4 protein chains.
Amino acid sequence: MTSFHLQVTTGAGTPIYRQIVEQVRLAVATGALVAGDSMPSVRSLAERLLVNANTIVKAYAELVRDGVLESQQGLGFFVAQRRQIYSKAERRRRLRHAVDALIHEAVFLDFTADEVRDAVDEKLTELDWHAKSPGAKA
Amino acid sequence: MTSFHLQVTTGAGTPIYRQIVEQVRLAVATGALVAGDSMPSVRSLAERLLVNANTIVKAYAELVRDGVLESQQGLGFFVAQRRQIYSKAERRRRLRHAVDALIHEAVFLDFTADEVRDAVDEKLTELDWHAKSPGAKA
Amino acid sequence: MTSFHLQVTTGAGTPIYRQIVEQVRLAVATGALVAGDSMPSVRSLAERLLVNANTIVKAYAELVRDGVLESQQGLGFFVAQRRQIYSKAERRRRLRHAVDALIHEAVFLDFTADEVRDAVDEKLTELDWHAKSPGAKA
Amino acid sequence: MTSFHLQVTTGAGTPIYRQIVEQVRLAVATGALVAGDSMPSVRSLAERLLVNANTIVKAYAELVRDGVLESQQGLGFFVAQRRQIYSKAERRRRLRHAVDALIHEAVFLDFTADEVRDAVDEKLTELDWHAKSPGAKA
DNA sequence: GTGGTCTAGACCACG
DNA sequence: GTGGTCTAGACCACC
């Protein structure tokens with residue numbers, strides 16, 4: 001049970017289960033969590049974050065569906081081997097969807113197109129992330 | 001559910017939701033309701049006062065906006081401790097957050113930085129959206 | 001709202017939400033439901049089947065994730081254009097998983113390998129289904 | 001929750017769960033409990049009788065197996081109306097059901113009939129499992 | 001102890 | 001009215 005940092009803010013717009021999903025995904029992407037690591041149990045995490053156990057169940061279920069976690073009955077959840085479960089078309093579709101969400105928020109916040117581009121660039125260079133991971137191929 | 005007295009008179013000049021707002025405010029001001037007290041549920045109060053549930057929703061919403069009440073998803077409304085309003089850097093924070101969400105999804109889907117940039121550019125030019133609306137102020 | 005037949009049996013081993021998912025998938029596969037058809041509302045279906053609304057929510061959510069349905073906020077759920085969202089590897093993985101489930105049940109029921117083969121053949125010829133649908137390609 | 005009398009004596013020869021089973025059976029037989037009556041929840045009864053919750057679970061499970069009680073997920077246990085035991089063709093029915101599940105998934109994943117047959121064969125030969133275990137009887 | 005399914009019923013955002 | 005998120009707490013299957 002690698003106790004990586006996990007934190008949720010209630011009252012914010014984003015649902016709690018979504019925050020958990022995002023943070024776990026990020027932790028896996030950055031290597032804070034690696035394949036085989038065990039996740040905190042549904043109940044213990046619910047207590048730690050002061051949320052209902054079913055909220056954790058929902059978050060873990062989504063991560064399982066997306067191939068990020070795997071469940072072992074009676075043992076708990078574990079970080080899965082990284083694999084690309086989506087078809088090329090579906091991946092493009094999802095990227096477009098994510099871009100739309102960003103633009104939607106930016107429009108709502110009244111930013112300009114250039115400000116959006118800058119913000120994206122800034123984040124990309126900050127991560128210094130250019131190429132695909134070699135082993136990943138749908 | 002501290003059952004403080006609450007009473008509305010229909011047919012009077014003042015809207016029902018305003019009467020509720022005023023009475024709750026008064027109750028808080030006088031100490032009849034203190035921080036942490038739970039309010040009657042929207043439905044139960046609607047039944048008790050023989051008014052439409054949306055009327056209660058409207059009254060509670062105004063009290064939340066004014067920081068008098070707080071809502072806890074799935075539990076109900078509670079008398080608030082204090083209130084805080086954010087703005088200013090909040091806008092910037094939310095843009096960064098939206099960008100993060102996009103990048104995380106892109107990383108998860110195993111796209112490259114350039115593919116992300118292209119997808120964003122594509123969407124921006126598609127919308128042909130360059131400048132802030134004149135009346136908007138950063 | 002094409003009122004195709006939908007029926008659940010409580011007390012059986014299979015969860016209610018799973019039964020719903022299967023039946024909707026089958027209806028789409030057989031053409032009983034076609035792209036654009038609207039699904040019964042969460043609430044109405046919950047009443048009709050005498051189950052909790054959240055059970056329907058869970059079933060519909062899974063169908064959305066699998067690309068079978070699409071949700072339009074405030075309007076309801078609709079049958080989506082058929083598309084293959086999974087990568088080739090993931091499809092093989094899922095087929096293997098489905099085969100494992102069958103074998104597991106057959107072993108548990110103490111059938112022979114040939115009996116399993118026959119049962120599969122019987123069903124396949126019954127459906128007279130040989131080739132991929134032309135337009136489907138990940 | 002018809003609060004019929006229920007009492008256990010520890011230290012006696014008969015196991016606690018058997019005492020509970022007998023008393024519930026008797027209550028049903030004498031009409032102290034009638035069809036539809038709800039039973040005390042597992043946890044509450046465990047607390048009331050000062051025994052472990054699993055003991056109650058065991059007693060209730062036996063009563064369910066015997067058709068005395070019925071369980072309604074999320075609601076609790078209720079005195080059953082009647083009972084029915086299945087077998088015989090049930091085995092065949094369950095195999096067909098399992099096959100159907102496989103075929104549905106395969107159709108959904110857009111595999112061909114031959115691909116399904118191959119996948120099944122592959123798994124069967126992998127297990128090198130041909131015959132029934134000698135002691136088993138259809 | 002673990003996860004999984006289900007019920008009941010709350011508020012929320014959207015149309 | 002629609003779907004969506006959340007809480008609370010029940011039983012179930014597995015280890």
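Just so we're on the same page: letters track the sequence lines, and every chain starts at 1. All of these numbers come straight from a predicted model, not from anything done at the bench.
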Ranking dC6(F), dC12(F), dA8(F) by distance to the side chain of L75(B), first place goes to dA8(F)
Looking at S71(A), does any N or O in its side chain come under 4.0 Å of the phosphate oxygens OP1/OP2 on dT2(E)? no
note: E47(C), atom CD; dT7(E), atom P; distance rounded to Å ~ 14 Å
Where the side chain of Q19(A) meets the backbone of T14(A), is there a donor-acceptor pair that is under 3.5 Å apart?
yes
Contact class for Y60(D) vs. all strands (heavy atom < 4.0 Å): base, sugar-phosphate, or nothing? nothing
It should be established whether S41(D) places a side-chain nitrogen or oxygen under 4.0 Å from OP1 or OP2 of nucleotide dG9(F).
no
### dT5(E) phosphate, OP1 or OP2, under 4.0 Å from Y17(C) side-chain N/O
yes
request  = Decide yes or no, distance alone: a donor-acceptor N/O pair under 3.5 angstrom between the base of dG9(F) and the side-chain of N54(A).
outcome  = yes
Rounded to whole Å, the CD1-P distance (I56(A) to dC6(F)) equals 10 Å
*NA contact type, V57(B), heavy-atom cut-off 4.0 Å: base, sugar-phosphate, or nothing?*
nothing
*For dT5(F), does OP1 or OP2 lie under 4.0 Å from any side-chain N or O of K58(A)?*
yes
| message | Does this structure show an ion pair linking E90(C) with R94(C), if we count only N-O contacts that are shorter than 4.0 Å? | response | yes
Re dC11(F): Watson-Crick or G-U wobble partner, both distances kept under 3.5 Å, found to be dG4(E)
Counting only distance, no hydrogens or angles, is the base of dG3(E) paired donor-acceptor with the side chain of R43(A) under 3.5 Å?
yes
Item to check | Check: N54(A) main-chain N/O paired with N52(A) side-chain donor or acceptor under 3.5 Å | outcome: yes
When rounded to whole Å, the CG to C1' distance for the pair N52(A) and dA8(E) reads 13 Å
Which of dG3(F), dA13(F), dC12(E) is nearest the side chain of Q73(B)? It is dC12(E)
query = Below 4.0 angstrom from OP1 or OP2 of dT7(F), is there any side-chain N or O of T55(A)?
reply = yes
